[in-house]
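Some notes on the structure that comes next.
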Amino acid sequence: MTTLLPAGPPDLGLQLSADATVSPDGWLVRELYATPGLDGPPGILQGGFSAGVCVPIARAADPHRAPLTSLNVRLHAPTPLGRNLQARVRASDAAGRYEVETRDGDTLLVSGEVELAGHETSARAFDLLELGTVPAPPPTPQHAFPTCWVCGPDPTHPLGQRLHPRHHGEDAIAIPWVADDVLGDARGMIDPLVVSAVLDCPTVWASIGHVRSLGHRGALLAGYQLTVFHDAPVMEVLRTVARFDGAEGRKIRARGALVDDEGVTYAVSSALHISVAEVPTA
């Protein structure tokens with residue numbers, strides 16, 4: 001039986017095999033398993049998790065243990081829950097950078113690059129940072145993704161966050177969030193995999209006005225960038241915030257950030273979503 005090790009906080013249920021093989025074209029290959037309950041759409045791994053799992057995949061090949069700098073990926077197909085998948089990684093030509101893929105058999109799920117070279121030094125996302133100080137808008141539970149681990153009102157995972165959308169105007173989101181200890185590391189800092197997850201959903205809800213103008217119900221993550229500036233502490237009041245930047249038909253651009261009310265920007269995300277008439281299920 002393959003031994004599986006945690007990819008991120010152990011209680012989440014994302015796992016990588018301890019053993020790896022090397023493919024003929026130089027990829028380090030491991031098994032990847034995502035436990036049921038880590039939903040975005042029902043039965044499908046939440047988009048920020050699908051992107052963020054590339055970080056522990058890259059770390060498994062990195063000897064230096066440098067902090068995460070950035071993540072830049074494309075999502076090609078939904079990542080199914082509850083089945084053995086394949087995680088592939090190889091070093092790129094640039095120091096500290098790794099090419100990463102996840103696959104389900106011959107189907108490419110996610111591809112992109114992870115940089116492990118220390119945090120970026122300064123953030124220039126002032127329009128996002130200001131959302132950390134506005135009065136907290138009231139929650140408006142959504143039902144398009146009812147079991148979503150991040151924003152669903154009825155998650156099946158015991159750590160489901162229930163971060164209901166909170167709208168600040170028509171195209172901005174500001175959601176107070178306190179991350180539990182189990183979502184952090186031994187230093188009490190939130191795992192980047194979790195940061196990736198919680199910065200995905202707000203970008204959908206900041207864009208929901210455009211989605212509904214098309215007669216659609218939701219949007220699916222297709223491209224994702226995450227840049228980290230500081231480690232974020234568990235058990236402190238933070239905010240996940242987002243702004244809608246624009247759209248071309250079904251293609252939607254939005255940005256998110258993890259901030260606090262003291263002017264600290266911990267991480268910034270940039271998302272490409274595709275608007276869909278109906279939310280798929282596995």
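For this chain, numbers begin at 1 and follow the sequence in order.
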Using a strict cut-off of less than 4.0 Å between a Lys/Arg side-chain nitrogen and an Asp/Glu carboxylate oxygen, indicate whether R187 and D231 qualify as a salt bridge. yes
Decide whether H164 and T140 meet the rule of one side-chain donor and one side-chain acceptor closer than 3.5 Å. no
Expected output: side-chain S50 to main-chain Q46 donor-acceptor under 3.5 Å: yes
Check the side chains of W205 and Q142 for a donor-acceptor pair under 3.5 angstrom, ignoring hydrogens and angles. no
Quick check: is I190 connected to V198 through a chain of hydrophobic side chains (ILVMFWY, heavy atoms under 4.5 Å apart)? yes
Using only atom types and a distance under 3.5 Å, with no angle test, would you say the side chain of H157 pairs donor to acceptor with the backbone of L12? yes
Do you see a donor-acceptor pair shorter than 3.5 Å between the side chains of Y224 and N72? no
Short question: side chain of T69, backbone of G118 - any donor-acceptor pair under 3.5 Å? yes
Do H143 and D154 meet the criterion of a side-chain donor-acceptor pair at a distance under 3.5 Å? no
Short side-chain donor-acceptor distance under 3.5 Å, H273 and S207: no
Do the side-chain N and O atoms of D25 and S23 include a donor-acceptor pair separated by under 3.5 angstrom? yes
Taking all atoms of both residues into account, what is the closest heavy-atom pair of P78 and I44, and its distance? CB-CG2, 3.7 Å
Side chains of L68 and L116 in contact at under 4.5 Å (non-hydrogen atoms): yes
What are the two closest non-hydrogen atoms of P165 and I175, and how far apart are they? CA-CD1, 4.2 Å
Ignoring hydrogens and angles, tell me if any N or O in the side chain of T265 forms a donor-acceptor pair with the backbone of A267 under 3.5 Å. no
Taking atom CZ of F49 and atom CG of L81, what is their separation to the nearest 0.5 Å? 10.0 Å
Donor-acceptor check, side chain of T102 to backbone of L109, threshold 3.5 angstrom: yes or no? no
Go through it in stages, so that I can follow the logic: the residues are D104 and R83, the test is salt bridge (Lys or Arg N to Asp or Glu O under 4.0 Å), and I'd like the CA-CA distance, side-chain angles, deciding distance and then a yes or no. CA-CA 9 Å; D104 182 12; R83 58 198 289 179; 3.4 Å; yes
Do I274 and I252 have side chains that approach each other closer than 4.5 Å (heavy atoms only, starting at C-beta)? no
May I ask you to decide if P137's main-chain N or O and R166's side chain share a donor-acceptor pair within less than 3.5 Å? yes
Taking the side chain as everything from C-beta on, heavy atoms only, tell me whether R212 gets closer than 4.5 Å to L214. no
Is there side-chain contact between V264 and H230, with heavy atoms separated by less than 4.5 Å? yes
Is R239 paired with D260 through a side-chain N to carboxylate O contact shorter than 4.0 Å? no
Ignoring hydrogens and angles, state whether a donor on the side chain of Y98 or D62 is under 3.5 Å from an acceptor on the partner side chain. yes
Using 4.0 Å as the upper bound for N to carboxylate O, is an ion pair formed by R243 and E130? yes
For the hydrophobic clusters of this structure (ILVMFWY residues joined by side-chain heavy atoms under 4.5 Å, transitively), does one cluster hold both W27 and V100? no
Could you check whether any side-chain heavy atom of P80 comes within less than 4.5 Å of a side-chain heavy atom of L45, counting everything from C-beta outward? no
I need the minimum non-hydrogen distance between G249 and H210, along with the two atoms involved. O-NE2, 2.8 Å
Among H76, R88, E101, whose side chain to side chain donor-acceptor pair (under 3.5 Å) with S111 holds? H76
When you compare the side chain of P9 with that of V182, does any pair of heavy atoms fall below 4.5 Å? no
Joint cluster assignment, V114 & I57, ILVMFWY side-chain distance < 4.5 Å: yes
Should M189 and V234 count as side-chain neighbours, where that means a heavy-atom distance under 4.5 Å? no
Between S269 (side chain) and R255 (backbone), is there a donor-acceptor pair under 3.5 Å? no
Quick one: are R253 and L272 in side-chain contact, heavy atoms under 4.5 Å? yes
Mark yes or no for whether D185, through its side chain, and G188, through its backbone, hold a donor-acceptor pair below 3.5 Å. yes
For the residue pair G52 and P56, what are the closest heavy atoms and their distance? O-CD, 3.3 Å
